[in-house]
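Each remark here refers to the structure printed beneath this line.
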Amino acid sequence: MSIKPNSKIYALVDCNSFYASCERVFRPDLRGKPIAVLSNNDGCIVARSSELKELGIPMGVPAFKYEEQILKAGGVLFSSNYELYADLSNRVMNVLEQFTPELEVYSIDEAFLSLTGFKDRDLDEIGHEIVKTVFQWTGIPVSVGIGGTKTLAKLANHISKKYKKFNGVFSIYRHPKVDTVLDFVGVDKIWGIGSQYSRFLTQNGINTAKDLRDADSQWIRKYMTVVGSRTALELKGISCMDLDMVSEPKKGIVSSRSFGKQVSDYTELEEAVSTYMTRASEKLRYQKSIASYVTVFLGTNRFKSTPQYSNSMTTKLHEPSAYTPELIRTALRLLQAIYRTGFKYKKAGVMLGGIMNQYQVAPDAFEPAYVDDRRSTVMNTVDQVNERLGRDTLYYASCGKQQEWSMKREKLSPKYTTSWKDILTVK
DNA sequence: TCTGGGGTCCTAGGACCC
DNA sequence: TCTGGGGTCCTAGGACCC
């Protein structure tokens, strides 16, 4: 095989402790203090500021176990404030776009950039310029990793965060000591190698990124499928994954949540399922899709020793739809089929599958089932009202009004940037 | 009292068809 | 004793990501 020299350059820009940093943007008094951001229902710790990491508090642990320790250390806990994080994420991405339009928003706090056009410039310098500009314009600290493939850019980003001396920027692109660098990185830190594969690899004497890069390719293919082969190639500098600059419509849409309390009452479950389906179908219409399958699931609290039950059921719709009342009706029918009395439920959810473009359907191509329907006009109107006047200005009766099952968010910060009511005032 | 939510891709195996 | 074979579609499950 002849290997073409790879001429691309990728940067991975990753926000440092993103959720915690968002909370700090509007609370300068929290500089230097440990911050924990909690999952839904204030359950687990899902984001940690560096100060909190230094306290030795791990990721994903139940918050109640550590709350006291955090408060004692002068730290603060926050409920997740997704409205705030999504808005600040958009601002960060807009700044990154100033550097290059060739950008893939990879997650709420990460983006891949093509730096191929900056080949003749000092890449480290570009990296530092990105760090400085994003912080100045948004208040969010970021780290930049640069490499000839996405996997190497990710790896470089890991190094930029781990070693303070790099000041948040590390480039492995044409690095003179690339072998030494790769030998510093454990396999479990490689993008695409999770806990299962990393255990398997170390059992087989492959401990570092360098080991994996140099491992036998047939062997990798056999035990780690084509996904593992791609990762190994990317470590060699052969790019197998290009930027995805346009976001593809989702193939499945899930809306599920744990309840703020245990729920036995069937009506409350109906409210929850109706509400989740309202959310899911909003997402569905937002991407101009219709769904063919509806799934509903529910379950008890698996951390308790009380009687356990969980179940799910899927049905195919008569014809694909994005009409919320119809989707709710279907979901409630499924709920009725899987509901059993006598259990305390903790979680329920809905899934939409068999998703296709709203125009692509149709038994009769000249008469799209959903699009020309009066129902689509109704949905558009509802969506527009809710967008302008706030979510659930118009809602469905089956969602209920009290929503006593809904999630706990006791430590919520204000929506500084997306709600007039919460806007910051300077006294 | 208190343990997240939402996605992707790949593979193996069964059903079905000719 | 002998019991096709190849293609396609679907689903479940397992791995991964943030």
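Every chain is numbered from 1 and lettered A, B, ... according to where its sequence line falls, protein lines coming before strand lines.
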Give one of base, sugar-phosphate or nothing for Arg279(A), where a contact means two heavy atoms less than 4.0 Å apart.
-> nothing

Sequence neighbours excluded, every pair satisfying ring pair (Phe, Tyr, Trp, His ring centres under 6.0 Å) that has a member inside residues 189-221 of chain A | Tyr106(A)-Trp191(A), Phe112(A)-Trp191(A), Phe200(A)-Trp219(A), Phe200(A)-Tyr223(A), Trp219(A)-Tyr223(A)

Remember a base hit wins even if backbone is also touched, and classify Lys65(A) as base, sugar-phosphate or nothing at under 4.0 Å, heavy atoms.
-> nothing

Tell me what Ser80(A) touches on the nucleic acid: a base, only sugar-phosphate, or nothing, going by heavy atoms under 4.0 Å.
-> nothing

Name the nucleic acid region contacted by Glu67(A), choosing base, sugar-phosphate or nothing; use a 4.0 angstrom heavy-atom cut-off, strictly under.
-> nothing

Value rounded to 0.5 Å, distance of CD1 in Ile290(A) from OG in Ser281(A) = 13.5 Å

Just checking Leu38(A): base, sugar-phosphate only, or nothing, at a heavy-atom cut-off of under 4.0 Å?
-> nothing

Describe the nucleic acid contact of Val226(A) in one word from base, sugar-phosphate, nothing, applying a heavy-atom distance below 4.0 Å.
-> sugar-phosphate

Indicate, with a heavy-atom threshold strictly under 4.0 Å, whether Asp42(A) touches base, sugar-phosphate, or nothing.
-> nothing

For Asp214(A), all residues meeting side chain to side chain contact (heavy atoms under 4.5 Å, CB included), sequence neighbours excluded = Lys210(A)

Whichever of Thr225(A) and Arg257(A) has its nearest DNA chain B nucleotide further upstream toward 5' = Arg257(A)

Taking for each residue the nucleotide of DNA chain B with the nearest heavy atom, is it Val227(A) or Val46(A) whose nucleotide lies nearer the 5' end?
-> Val46(A)

Hey, does Gly349(A) reach any base, or is it just sugar-phosphate, or nothing, if we go heavy atoms under 4.0 Å?
-> nothing

Under 4.0 Å between any heavy atoms, over every strand shown, what does Lys261(A) touch: base, sugar-phosphate, or nothing? Just pick one.
-> nothing

Side chain to side chain donor-acceptor pair (under 3.5 Å) partners of residues 79-98 of chain A, not counting sequence neighbours, each pair once | Glu23(A)-Tyr85(A), Asp42(A)-Ser79(A), Asn81(A)-Ser413(A), Asp87(A)-Arg91(A), Asp87(A)-Thr417(A)

Can you run down the side chain to side chain donor-acceptor pair (under 3.5 Å) pairs that involve residues 327-341 of chain A, sequence neighbours left out, and say none if there aren't any?
-> none

Pick base, sugar-phosphate or nothing for Ile190(A), based on heavy-atom distances below 4.0 Å to the nucleic acid.
-> sugar-phosphate

Does any residue of residues 192-221 of chain A have a heavy atom under 4.0 Å from DNA chain C, and if so, which ones, in number order?
-> Gly192(A), Ile193(A), Gly194(A), Ser195(A), Gln196(A), Tyr197(A)

Which nucleotides of DNA chain C pair, in dot-bracket form (Watson-Crick or G-U under 3.5 Å, | meaning another strand) = ....||||||||||||||

Pairwise ring pair (Phe, Tyr, Trp, His ring centres under 6.0 Å) hits with a residue in residues 294-317 of chain A, at least two apart = Tyr309(A)-Phe343(A)

Around Lys161(A), counting heavy atoms of other residues, nucleotides and ligands shown, do more than 12 lie under 6.0 Å from its NZ?
-> yes

Determine which pairs satisfy side chain to side chain donor-acceptor pair (under 3.5 Å) with at least one residue from residues 249-267 of chain A, sequence neighbours left out, and list them in order.
-> Lys261(A)-Glu268(A)

So ring pair (Phe, Tyr, Trp, His ring centres under 6.0 Å) across residues 43-79 of chain A, not counting sequence neighbours, yields none

First-last contacting nucleotides on DNA chain C - partner chain A, under 4.0 angstrom, heavy atom | dA15(C) to dC18(C)

In plain terms, say whether Lys72(A) and Glu68(A) are close enough for a salt bridge, that is, a side-chain N and a carboxylate O under 4.0 Å apart.
-> yes

Ser310(A): side chain to side chain contact (heavy atoms under 4.5 Å, CB included) partners, not counting sequence neighbours = none

Pairs in or reaching into residues 127-169 of chain A: which pass ring pair (Phe, Tyr, Trp, His ring centres under 6.0 Å), with residues at least two apart or in two chains?
-> Phe166(A)-Phe170(A)

